[in-house]
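Before any comments, here is the structure.
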Amino acid sequence: MTTSLGNTDYALLGMLKLEPMSGYQLRREIADSLAYFWSESFGQIYPALKRLTALKLITPVRRTTRDTGRGQQFALTPRGESALADWIALPAEPQPPRNQLLLKLFFGRAAKADVSLTHLRESRDRATARVASIRVLGEQIKRERGSHPDAPQWLMTVRHGELQTEAHLQWCEESIAALLKRDRHDQRPVKSSS
């Protein structure tokens, strides 16, 4: 196992296990397939590609594709496949949560009464749209890539995103109701529209 690698490096190795890709294609594919639980920026991808090439975990290749024309792409080397497999075998490290919405709600009484309600409603609306797009992604995987050997794992991650987003929606509704009830009790003026 290569210990100097970070999560970005392993995310790229995993994507390149699927097929050779350019930095641009990697960013697009990560946004299309992993965005519900993982993201990478161009500022992270290109230095990682350089690092992975120097470590001989990936190798530059030239391919002509319908999507990108001619361009620099990268392919996983056997050494890169081994590093990816070793990393996958390690226990997942817990990630400390950082949630700005929860931080603002925790200190919410320092602002006007309806600020927290506004934040919750906006979060609810984003989650409603997100759960719909997650379901579309799941159906797309089943329809277009259902026979791919990795499809069961892909669908597990999609289902996790769906359940997590549904739980967030339920929490938003409960929290909105709790704030409205508290504010009626406190006689603080708030906007009561849901």
Side-chain angles (χ1 to χ4, degrees), residues 1-18 21 23 26-55 57-58 74 76-77 79-110 116 119-120 122-138 141 145 148-176 178-179:
M1 183 183 74
T2 307
T3 56
S4 61
L5 299 181
N7 288 328
T8 295
D9 302 303
Y10 290 114
L12 298 184
L13 290 176
M15 294 304 293
L16 291 173
K17 176 129 177 75
L18 300 175
M21 290 185 237
L26 282 163
R27 174 67 179 101
R28 189 183 68 208
E29 289 297 318
I30 288 170
D32 289 348
S33 61
L34 307 181
Y36 298 105
F37 61 92
W38 196 262
S39 66
E40 298 292 348
S41 69
F42 283 122
Q44 296 167 307
I45 289 173
Y46 287 104
L49 289 173
K50 185 176 180 179
R51 184 172 47 255
L52 294 170
T53 301
L55 292 169
L57 300 175
I58 63 173
F74 298 88
L76 202 57
T77 64
R79 185 175 172 181
E81 286 194 37
S82 178
L84 178 63
D86 289 347
W87 175 75
I88 290 170
L90 294 173
E93 295 177 13
Q95 301 293 315
R98 290 178 63 92
N99 185 315
Q100 192 181 67
L101 173 62
L102 293 180
L103 189 62
K104 287 184 176 195
L105 289 176
F106 189 84
F107 298 115
R109 291 202 37 104
S116 291
H119 289 324
L120 284 164
E122 289 171 354
S123 186
R124 177 195 59 198
D125 294 346
R126 284 189 305 271
T128 300
R130 181 178 165 145
V131 78
S133 66
I134 290 171
R135 289 178 180 148
V136 167
L137 176 62
I141 290 170
R145 310 280 306 261
H148 191 285
D150 292 333
Q153 283 88 344
W154 296 341
L155 291 170
M156 286 176 209
T157 63
V158 169
R159 182 68 174 141
H160 179 272
E162 183 179 14
L163 290 173
Q164 190 174 45
T165 307
E166 288 172 352
H168 180 76
L169 280 169
Q170 181 180 348
W171 171 80
C172 284
E173 293 297 344
E174 290 174 5
S175 299
I176 289 167
L179 286 179

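Residues: numbered from 1 along the sequence shown.
- The OG atom of Ser123 sits 5.0 Å away from atom CG of Leu101, with the distance rounded to the nearest 0.5 Å.
- For the atom pair CZ of Arg159 and OG1 of Thr157, the computed distance is 12.5 Å after rounding to the nearest 0.5 Å.
- Residues Leu12 and Leu52 come closest through the heavy atom pair CB-CD1, 4.1 Å.
- Closest approach of Gln95 to Asn7, counting heavy atoms only: NE2-ND2, 4.2 Å.
- Using a 4.5 Å heavy-atom cutoff, the side chains of Phe37 and His160 are not in contact.
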| task | Evaluate the side chain to side chain contact (heavy atoms under 4.5 Å, CB included) criterion for residues Asp32 and Leu137: first the C-alpha distance (whole Å), next the side-chain angles of each, then the deciding distance (0.1 Å), finally the verdict. | result | CA-CA 9 Å; Asp32 289 348; Leu137 176 62; over 6 Å; no

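- The distance from the CG atom of Leu76 to the CE atom of Met21 is 10.5 Å, given to the nearest 0.5 Å.
- Minimum heavy-atom separation, Arg124 to Leu169: O-CD2, 3.4 Å.
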| message | As a quick check of understanding, evaluate side chain to side chain contact (heavy atoms under 4.5 Å, CB included) for Leu84 and Leu16, giving each step before the final call. | response | CA-CA 10 Å; Leu84 178 63; Leu16 291 173; over 6 Å; no

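- Residues Tyr10 and Ala83 approach most closely at CE2-O, 3.7 Å, considering heavy atoms.
- When all heavy atoms of Ile30 and Trp38 are compared, the pair lying nearest together is CG2-O, 4.2 Å.
- Taken from CG in Leu179 to CZ in Arg109, the straight-line distance is 9.5 Å, to the nearest 0.5 Å.
- Distance alone, capped at 3.5 Å, places no donor-acceptor pair between the Arg27 side chain and the Ser41 backbone.
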| request: Could you walk me through whether Leu13 and Leu5 pass the side chain to side chain contact (heavy atoms under 4.5 Å, CB included) test, one step at a time? | output: CA-CA 11 Å; Leu13 290 176; Leu5 299 181; 4.3 Å; yes

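- The shortest heavy-atom contact between Gly23 and Leu49 is CA-CD1, 3.8 Å.
- In this structure, NZ on Lys104 lies 4.5 Å from NE2 on His119, to the nearest 0.5 angstrom.
- For Phe106, the CZ atom sits in a loose shell: 12 or fewer heavy atoms of surrounding residues, nucleotides or ligands are nearer than 6.0 Å.
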| task | Evaluate the criterion side chain to side chain contact (heavy atoms under 4.5 Å, CB included) for residue pair Ser39 and Gln44; output intermediate values, then yes/no. | result | CA-CA 10 Å; Ser39 66; Gln44 296 167 307; 5.7 Å; no

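- Contact annotation: the side chain of Ser4 never approaches that of Arg51 to less than 4.5 Å [non-hydrogen atoms, C-beta and beyond].
- Taking a 6.0 Å sphere around CD of Gln153, one finds it holds more than 12 heavy atoms contributed by other residues, nucleotides or ligands.
- With rounding to the nearest 0.5 Å, the separation of CZ in Arg135 from OG1 in Thr165 is 9.0 Å.
- Between Trp171 and His168, the angle of the ring planes lies from 30° to 60°, which puts this pair in the tilted group.
- Glu166 and Gln170 share no donor-acceptor pair across their side chains, judged by distance under 3.5 Å alone.
- Put simply, the side chain of Leu102 does not reach to within 4.5 Å of the side chain of Pro97, judged on heavy atoms.
- Taking 4.5 Å as the limit, every side-chain heavy atom of Lys17 sits out of range of all side-chain heavy atoms of Asp150.
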